[in-house]
Amino acid sequence: MSLPKGAVVVVTGASGALGRETSRRLIDAGATVIGAGRESGSLMKIREELGARFVPTAIDLIDEPATLAWGHELVTEYGRIDGLLHLVGGWKGGRGIVDADLTEWDFLNDNLIRTLQHASRALHDALLDSPDGRLAIISSTGVANPTAKNAAYVAAKAAAEAWTGAVADSFDGSCAAAVAVRVMALLTAQMREAKPDARFAGFTPTSDVADALLALWDEPARTLNGRILDLTT
């Protein structure tokens, strides 16, 4: 198995290091990538780097009506959506249960949960109609072992995983699959270049995560759907 011919894949958070790396892998495999982010300037720079099959689209995924309209426009224009790789990130935390500022939850809820809810609702039916639809999120190994100083963050990641699992249930019996990919932390090329001798124990290179996301199309939906994939090294 592989990406379906003429595949169209939406990558949210496309201007981040993982989004850029994943978009490159998808394009090399023959896909058209709809690269979504809030800021058009950075997306246009990626287009200059990756070429015409990277289609930049500026969208605020926290805005549900705008996101639903955006999803409808994509399906109308391209006639299909074969993947939603939701790579929108963000972190807040570092303090204990009592000392934590719960206003940070608003940021985490918006970035890690609401964006996923809105994007998955907007593209759900198109993914279901695809011959090989795939939805994936990046989650955290911290969900399995939450700590006091990371409570809000891992709670948000757990909620995102639960939502993804619910999407998987809605895909049951179809050719679509929804999965969560867990990492402890991402290692970018820039981080490695800045600290070439550092061990980065437990970190997963963005290149490895991008490869794993592309490989989602190598496995049948019936065995992939609903799984949690741990990429911790």
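Being a predicted model, the structure only gives us computed values, none of them experimental. Side chains included, hydrogens not; waters and symmetry mates left out as well; all remaining heavy atoms used.
The shortest heavy-atom contact between Ile113 and Ala159 is CD1-CB, 3.6 Å. Taking every heavy atom of both residues into account, Ala156 and Leu108 meet most closely at CB-CB, 4.0 Å. Taking each heavy atom of Val55 and Arg47 in turn, the nearest pair found is CA-NH1, 4.1 Å. Heavy-atom minimum distance, Ala180 versus Thr164: N-CG2, 4.3 Å. Closest approach of Arg53 and Gly30 over heavy atoms only: NH1-C, 3.2 Å. Of all heavy-atom pairs between Leu216 and Leu224, the closest is O-CD2, 3.4 Å.
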For this session: Could you check His118 against Leu68 for side chain to side chain contact (heavy atoms under 4.5 Å, CB included), going step by step and ending with a plain yes or no?
Result: CA-CA 7 Å; His118 296 165; Leu68 293 176; over 6 Å; no
For this session: List the steps, then state whether side chain to side chain contact (heavy atoms under 4.5 Å, CB included) holds for Thr103 with Lys92.
Result: CA-CA 10 Å; Thr103 61; Lys92 295 280 187 181; over 6 Å; no
Problem set entry | Stepwise side chain to side chain contact (heavy atoms under 4.5 Å, CB included) check, Ser23 with Leu50 | CA-CA 8 Å; Ser23 297; Leu50 300 184; 3.8 Å; yes
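Expressed to the nearest 0.5 Å, how far CG of Asp132 lies from CG of Leu3 amounts to 8.5 Å. The distance from atom NZ of Lys157 to atom CG of Asn150, rounded to the nearest 0.5 Å, is 10.5 Å. How far OG1 of Thr206 is from CZ of Arg192: 11.5 Å, rounded to the nearest 0.5 Å. Taking CG of Asp208 as the reference point, atom OG1 of Thr232 lies at 11.5 Å (rounded to 0.5 Å). His124 NE2 to Phe171 CZ: the interatomic distance, rounded to the nearest 0.5 Å, is 4.5 Å. With values rounded to the nearest 0.5 angstrom, Ser130 atom OG is found 12.0 Å from Leu135 atom CG.
Put simply, the side chain of Thr22 does not reach to within 4.5 Å of the side chain of Leu214, judged on heavy atoms. Side-chain contact between Asn109 and Arg114 is present, with at least one heavy-atom pair separated by less than 4.5 Å. Contact of the Leu43 side chain with the Thr57 side chain is not registered, since no non-hydrogen atoms from C-beta on lie closer than 4.5 Å. Looking at heavy atoms from C-beta onward, Ile34 lies in side-chain contact with Tyr78 at the 4.5 angstrom threshold. Two residues are said to be in side-chain contact when any heavy atoms from C-beta on lie closer than 4.5 Å; Arg24 and Asp28 meet this criterion. Using a 4.5 Å cut-off on side-chain heavy atoms (C-beta onward), Gln117 and Glu64 make no contact. In this structure, Leu26 and Trp217 have side chains that are in contact, with non-hydrogen atoms separated by less than 4.5 Å.
A chain of hydrophobic side-chain contacts below 4.5 Å, direct or via other Ile, Leu, Val, Met, Phe, Trp or Tyr residues, connects Leu186 to Leu213. Hydrophobic clustering of Ile, Leu, Val, Met, Phe, Trp and Tyr side chains at less than 4.5 Å, counting indirect connections, unites Ile137 with Ile59. Placement of Met44 and Phe54 in two distinct hydrophobic clusters is found when ILVMFWY residues are connected by side-chain heavy-atom separations under 4.5 Å, directly or transitively. Connection of Val88 to Leu112 is not established within any shared hydrophobic cluster, with ILVMFWY side chains joined at heavy-atom distances below 4.5 Å, either directly or through further cluster members. The same ILVMFWY cluster, assembled from side-chain heavy atoms under 4.5 Å apart, contains both Leu229 and Leu18.
In this structure, Glu193 places its CD atom where only 12 or fewer heavy-atom neighbours from other residues, nucleotides or ligands lie under 6.0 Å away.
For the 3.5 Å distance criterion, the side chains of His86 and Thr115 qualify, holding a donor opposite an acceptor.
In this structure, the side chain of Thr204 does not engage the main chain of Val183 through any donor-acceptor pair within 3.5 Å. Judged purely by atom type and a 3.5 angstrom limit, Asn111 uses its side chain to pair as donor or acceptor with the backbone of Phe107.
Ionic pairing of Arg25 and Glu21 is present here: one or more N-O contacts between side-chain nitrogen and carboxylate oxygen are shorter than 4.0 angstrom.
Applying the salt bridge (charged side-chain N to carboxylate O under 4.0 Å, His left out) criterion to Arg80, with sequence neighbours excluded, gives Asp82.
Exactly one of Thr12, Val10, Val9 qualifies for a side chain to side chain contact (heavy atoms under 4.5 Å, CB included) with Leu85. That residue is Val9.
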